[in-house]
There are 2 protein chains.
Amino acid sequence: MASVRSKVRGARVSIWLTGRAKGRRRGYAPAVGEADGLDLGKIVEATVRLLDAEGLGRLSMRRLAAELGVTAMSVYWYVDTKDELLELALDHAYAELDLPGEDGGDWVAQLRQLAHEHRRILVAHPWVSRLAGEYLNVGPHAMACVAAAQRAMRRAGLPEEALTGGLSLLFPFSYGFGGAGGRLAELCRAAGVTEDECYGEFVRTLREHPEYVQPPAAVDPVPAVLPAGHEQRDRDFNFALECVLAGLAAMRDRVAEQVRPTITPA
Amino acid sequence: MASVRSKVRGARVSIWLTGRAKGRRRGYAPAVGEADGLDLGKIVEATVRLLDAEGLGRLSMRRLAAELGVTAMSVYWYVDTKDELLELALDHAYAELDLPGEDGGDWVAQLRQLAHEHRRILVAHPWVSRLAGEYLNVGPHAMACVAAAQRAMRRAGLPEEALTGGLSLLFPFSYGFGGAGGRLAELCRAAGVTEDECYGEFVRTLREHPEYVQPPAAVDPVPAVLPAGHEQRDRDFNFALECVLAGLAAMRDRVAEQVRPTITPA
DNA sequence: ACCTGAACACCGTTCAAGT
DNA sequence: ACCTGAACACCGTTCAAGT
């Protein structure tokens, strides 16, 4: 019976759980003085550059190799598969987050900063949310981000057994919201349409086809799943984020009082 | 200068905004009596079946055609591109949601049901979250889902100008949480590993490499971004969902009092 | 140790042709 | 109106070979 590790490794659940097969020969950061020639750092940086410039759909190993002035198969000396490369690029993006320090500010300010930073990189790099949805996203920089949130929640007074629950609120929220924003921007850019024009078309479609959302019910006014401009989008994000923070505070108090969860309707 | 609609249509931002080019010849539901031969309904159903059985990565137009007992290019008579087909499959999945009725229960129960249903289909069909992250997801069934949430939030007493904000909390949360769960299950299934084994490996990796999450800080205890079993995962989802509901209630009251958002730290 | 070139088994999609 | 078959321009990856 094979060990769990060998099973996980063989199936490549994630490079962060199994280690990179070629990573032991040469580390992530190149030795000093190796200015010319390839190294993994240069490859990952070129990957991120291409992903930003042309999108996930246009990234091929051949295209990347051309960008590096090299043959397609050269990259495979540093990386086993394209998936592995994309996991590295994903975690590289999380290095961009400006995390709250150990001591800076109260927990509310820290969680606000984290959420805004998360949203920022998801919108700035639309490929990040798609890769985060494809891989486990447990690389060191992503984990540092989770650890920072965990510290803030502990500081908030959330009991230990509720920490994973709190993390399960904050990150899915910022990931979902930011990812949708990034993807919409990417789609509209590719279409040569502004986001406002896209939203207008959405509303017009609903008005022209009132049967559109039936069954079970007509939608009036139009549910805003698309943004009506950046200001509205920002307002929605801030409102939802304040709900998150208020909800965490309320649940902290509720758990402390050992009261069963009940919210008075209406 | 081209109209917005023609620009949007030409670039295929979404079939739901532009209409399907071939959809006017033949509707989504086939006429009665056309039992043999292809129709769009059969094609979408076969697509969903294949996506469930083999995953998004293994779905090709040739594979789908073989499943339908037909040539690859036959499908293209009913559909312009693979993207269009996947948008149809995506919305088809949202038809599975058991939505709360117009009258059933209070708003808290309705939103709980919506979130649980959303999570359920995301876990049952791991491809749904990846497609929802790739396309706009504004098809009729997805919109009916948003409309139901909007009704519940209005019933909760959330003012009109806060409705989009509330929707921007609930759906990104359930999407992010459910999508991660579905993807993990898919990865582990493909690897022949249980989710518990995968989590154990994750913890072991962190313990073996204490430098893993540095900088900026060591992580202790391990932040649980992976589930330690279904019960824990359920507890986390329920806790986070109660935060969402408590947060919505708190913000409703706060907006009603016209008080600026402030939460007492610690 | 590092990189190349040819080849394999695929893709989505176009196009002319069939019935 | 509906479906086919050949072809085009790609993919990720393997493998033997170069230096």
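As a basis for the values below, the full set of heavy atoms in this structure was taken, side chains included, without hydrogen atoms, waters or symmetry mates. Here is the naming used below: chain letters follow the sequence lines, and residue numbers restart at 1 for every chain.
Rounded to an integer number of Å, the gap from CG of A:Leu56 to C1' of D:dC11 is 14 Å. In this structure, CZ of A:Arg63 is placed 10 Å from P of D:dC11, rounded to the nearest angstrom. One can place CG of A:Asp39 at 15 Å from C1' of C:dA1, the figure rounded to the nearest angstrom. Note: CG (A:Leu38) to P (C:dA1) measures 17 Å, nearest angstrom. Separating the CG atom of B:Leu68 from the C1' atom of D:dC2 is a distance of 15 Å, rounded to the nearest angstrom. Per the geometry, OH belonging to A:Tyr78 stands 18 Å off C1' belonging to D:dT13, to the nearest Å. Computed from coordinates, the B:Lys42 NZ to D:dC2 P distance equals 12 Å when rounded to whole Å. Rounded to whole Å, atom P of D:dA6 lies 18 Å from atom OH of B:Tyr76.
Pairing for D:dA1 is with C:dT19, a Watson-Crick or G-U wobble pair whose two hydrogen-bonding atom distances lie under 3.5 Å. Partner assigned to D:dA6 is C:dT14, using Watson-Crick or G-U wobble distances below 3.5 angstrom.
Taking CG from A:Leu170 and CZ from B:Phe173, the interatomic distance works out to 11.5 Å, rounded to the nearest 0.5 Å. Between B:Thr47 atom OG1 and B:Leu88 atom CG the span is 8.5 Å, to the nearest 0.5 Å. Taken from CD in A:Glu134 to CG in A:Asp83, the straight-line distance is 7.0 Å, to the nearest 0.5 Å.
Between A:Thr71 and C:dC3 there is no side-chain polar atom (N or O) within less than 4.0 angstrom of OP1 or OP2.
Backbone-only contact: A:Leu59 has heavy atoms under 4.0 Å from sugar-phosphate atoms and none from a base. Across all strands shown, B:Met61 has heavy atoms under 4.0 Å from sugar-phosphate atoms exclusively, and none from any base.
Two residues, A:Asp80 and A:Arg58, neighbour DNA chain D, and the one matched to the more 5' nucleotide by heavy-atom proximity is A:Arg58. When each of A:Ser74 and A:Arg62 is assigned the nucleotide of DNA chain C with its nearest heavy atom, A:Ser74 is the one assigned upstream, toward the 5' end.
Taking every side-chain heavy atom of B:Trp77 into account, D:dC2 is the closest of C:dT4, D:dC2, C:dC11. In this structure, of C:dC15, C:dT4, C:dG12, it is C:dT4 that holds the atom nearest to the side chain of A:Met73.
Remark: A:Arg119 is not positioned above the aromatic ring of A:Phe177, lacking an NZ or CZ atom under 6.0 angstrom from the ring centre and at most 45 degrees off the axis.
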- Message: Using the rule given for salt bridge (charged side-chain N to carboxylate O under 4.0 Å, His left out), can you reason through B:Glu186 versus B:Arg189, listing the C-alpha separation, both sets of side-chain angles and the distance that settles it, and then say yes or no?
- Response: CA-CA 5 Å; B:Glu186 195 180 32; B:Arg189 202 186 76 163; over 6 Å; no
